[in-house]
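Data block below; observations after.
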Amino acid sequence: MTKGTLEVLLVSAKGLDDSDFLSGSDPYAVLTYRTQEKTSGMGAVDGSCSEWNESFLFSISSDVPELKIKLMDKDTFTADDFIGEATIPLQPLFVENSLPPMAYHVVKDEEYHGEVRVALTFTPQRSRGDEVEEESLGGWKQSCVE
C-alpha cells in the first residue's frame, strides 16, 4: 500500500471556455483525492490563460490511482459554472516521486475544453525499518561529548 504526502502545485490553465460573456471568467479549481478536497483561489486571468501557482497537500494512505481537478467559473449572482475536469494518473508519480509541470486535458462531456498545468511531488512515509540510528547521525549527543 502506498502511504505518504502528495504535494500538488497548481500552476496554470489555458484555453478554458469563457462562460461569462459580460464579465470575463473567474476560474478556480477544486482538487480531489479520495475524500480530501481542496479549493484554490481565483486564477489571475490573462485572456484565456489563468495562473495560480498554489500548492496543496494531500495525505496518501491507499492506492487510489488518480487526482481529479475540477475547474469552475465563479459567478456572483448565479451558481458557479462547471468548466471541465482533468484526471491525473498518480502511478507514474509513485515510481518517480516527482513530476515537473505537465499539461493535462480539461474535459467536459467527453470534449476538450483546455488544459491545466500541474507539478506533483510524492514524499513516501518512512516505515519503521527505514529509520537510521540516532547515534550514527552525530547529532547533539556527539557534539556534547567533545
Side-chain angles (χ1 to χ4, degrees), residues 1-134 136-140 143:
M1 181 184 304
T2 305
K3 287 188 176 191
T5 304
L6 168 64
E7 180 179 358
V8 180
L9 174 60
L10 179 63
V11 179
S12 61
K14 69 177 185 180
L16 302 178
D17 285 349
D18 183 358
S19 57
D20 289 339
F21 301 109
L22 299 175
S23 62
S25 64
D26 300 310
Y28 67 94
V30 179
L31 296 82
T32 307
Y33 177 80
R34 293 192 69 210
T35 59
Q36 301 169 66
E37 190 172 277
K38 316 274 181 173
T39 303
S40 76
M42 299 302 161
V45 180
D46 181 16
S48 67
C49 296
S50 301
E51 281 205 25
W52 288 278
N53 291 314
E54 271 187 72
S55 288
F56 303 90
L57 294 176
F58 293 90
S59 180
I60 305 293
S61 60
S62 69
D63 291 325
V64 173
E66 61 193 26
L67 170 77
K68 293 202 179 276
I69 300 179
K70 184 167 43 172
L71 293 165
M72 303 293 291
D73 181 17
K74 180 79 174 158
D75 286 335
T76 306
F77 301 110
T78 59
D80 294 353
D81 298 318
F82 174 66
I83 297 171
E85 185 174 63
T87 300
I88 300 172
L90 296 177
Q91 215 51 43
L93 175 66
F94 295 150
V95 174
E96 299 292 328
N97 289 345
S98 180
L99 296 174
M102 294 173 53
Y104 298 91
H105 287 186
V106 174
V107 177
K108 178 180 175 184
D109 299 326
E110 297 183 17
E111 290 184 18
Y112 175 84
H113 281 266
E115 63 186 40
V116 61
R117 290 184 65 78
V118 175
L120 303 168
T121 304
F122 176 66
T123 306
Q125 180 180 355
R126 290 174 54 159
S127 64
R128 298 220 178 261
D130 293 344
E131 291 180 12
V132 179
E133 289 274 332
E134 186 178 317
S136 68
L137 294 177
W140 66 271
S143 61

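This chain uses plain numbering: 1 for the first residue, then up along the sequence. Worth saying up front: this structure is predicted, and the values here are computed from it rather than measured.
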So do [Y] and [X] actually touch side chain to side chain, heavy atoms under 4.5 Å?
{"X": "F56", "Y": "L10", "value": "yes"}
{"X": "L6", "Y": "L93", "value": "yes"}
{"X": "V116", "Y": "L71", "value": "yes"}

Is it the case that the side chains of Y28 and D80 hold a donor-acceptor pair, with the cut-off being a distance below 3.5 Å and no angle test?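 Yes, Y28 and D80 have a side-chain donor paired with an acceptor closer than 3.5 Å.
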Going by the ring-ring contact (aromatic ring centres under 6.0 Å, His included) test, which pairs reach into residues 97-125, not counting sequence neighbours?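 Of all non-adjacent pairs touching residues 97-125, those that pass ring-ring contact (aromatic ring centres under 6.0 Å, His included) are F94-F122, H105-Y112.
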Tell me every residue that passes side-chain contact (heavy atoms from CB on, under 4.5 Å) with E66, counting only those two or more places apart in sequence or in another chain.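 Scan of E66 (side-chain contact (heavy atoms from CB on, under 4.5 Å), adjacent residues dropped) gives K68, T87.
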side-chain contact (heavy atoms from CB on, under 4.5 Å) involving P101 - partner list, sequence neighbours excluded: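 side-chain contact (heavy atoms from CB on, under 4.5 Å) list for P101, sorted by chain: V11, R117, A119.
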Taking distance alone, no hydrogens or angles, what donor-acceptor pairs closer than 3.5 Å link side-chain atoms of residues 29-40 to residues at least two apart or in another chain?
residue	atom	partner	partner atom	Å
Y33	OH	S62	O	3.3
Q36	OE1	S59	N	3.0
Q36	NE2	S59	O	2.7
K38	NZ	L57	O	3.1
S40	OG	A29	N	2.8
S40	OG	W52	NE1	3.4

Nearest non-hydrogen partners of [X] and [Y], listed with the distance:
{"X": "L120", "Y": "L67", "answer": "CD2-CD2, 4.4 Å"}
{"X": "S98", "Y": "T121", "answer": "OG-OG1, 4.2 Å"}
{"X": "E7", "Y": "S55", "answer": "OE2-OG, 3.4 Å"}
{"X": "L16", "Y": "S50", "answer": "CD1-OG, 4.4 Å"}

Partners of [X] by side chain to side chain donor-acceptor pair (under 3.5 Å), sequence neighbours excluded?
{"X": "S61", "value": "none"}
{"X": "N97", "value": "none"}
{"X": "T2", "value": "D63"}

Roughly how far, to the nearest 0.5 Å, is the CD1 atom of I60 from the OG1 atom of T5?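 So the OG1 of T5 and the CD1 of I60 are separated by 8.0 Å.
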Is there any salt bridge (Lys or Arg N to Asp or Glu O under 4.0 Å) pair reaching into residues 107-116, and which pairs are they, with sequence neighbours excluded?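 For residues 107-116: K14-E115.
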For E51, all residues meeting salt bridge (Lys or Arg N to Asp or Glu O under 4.0 Å), sequence neighbours excluded: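 None.
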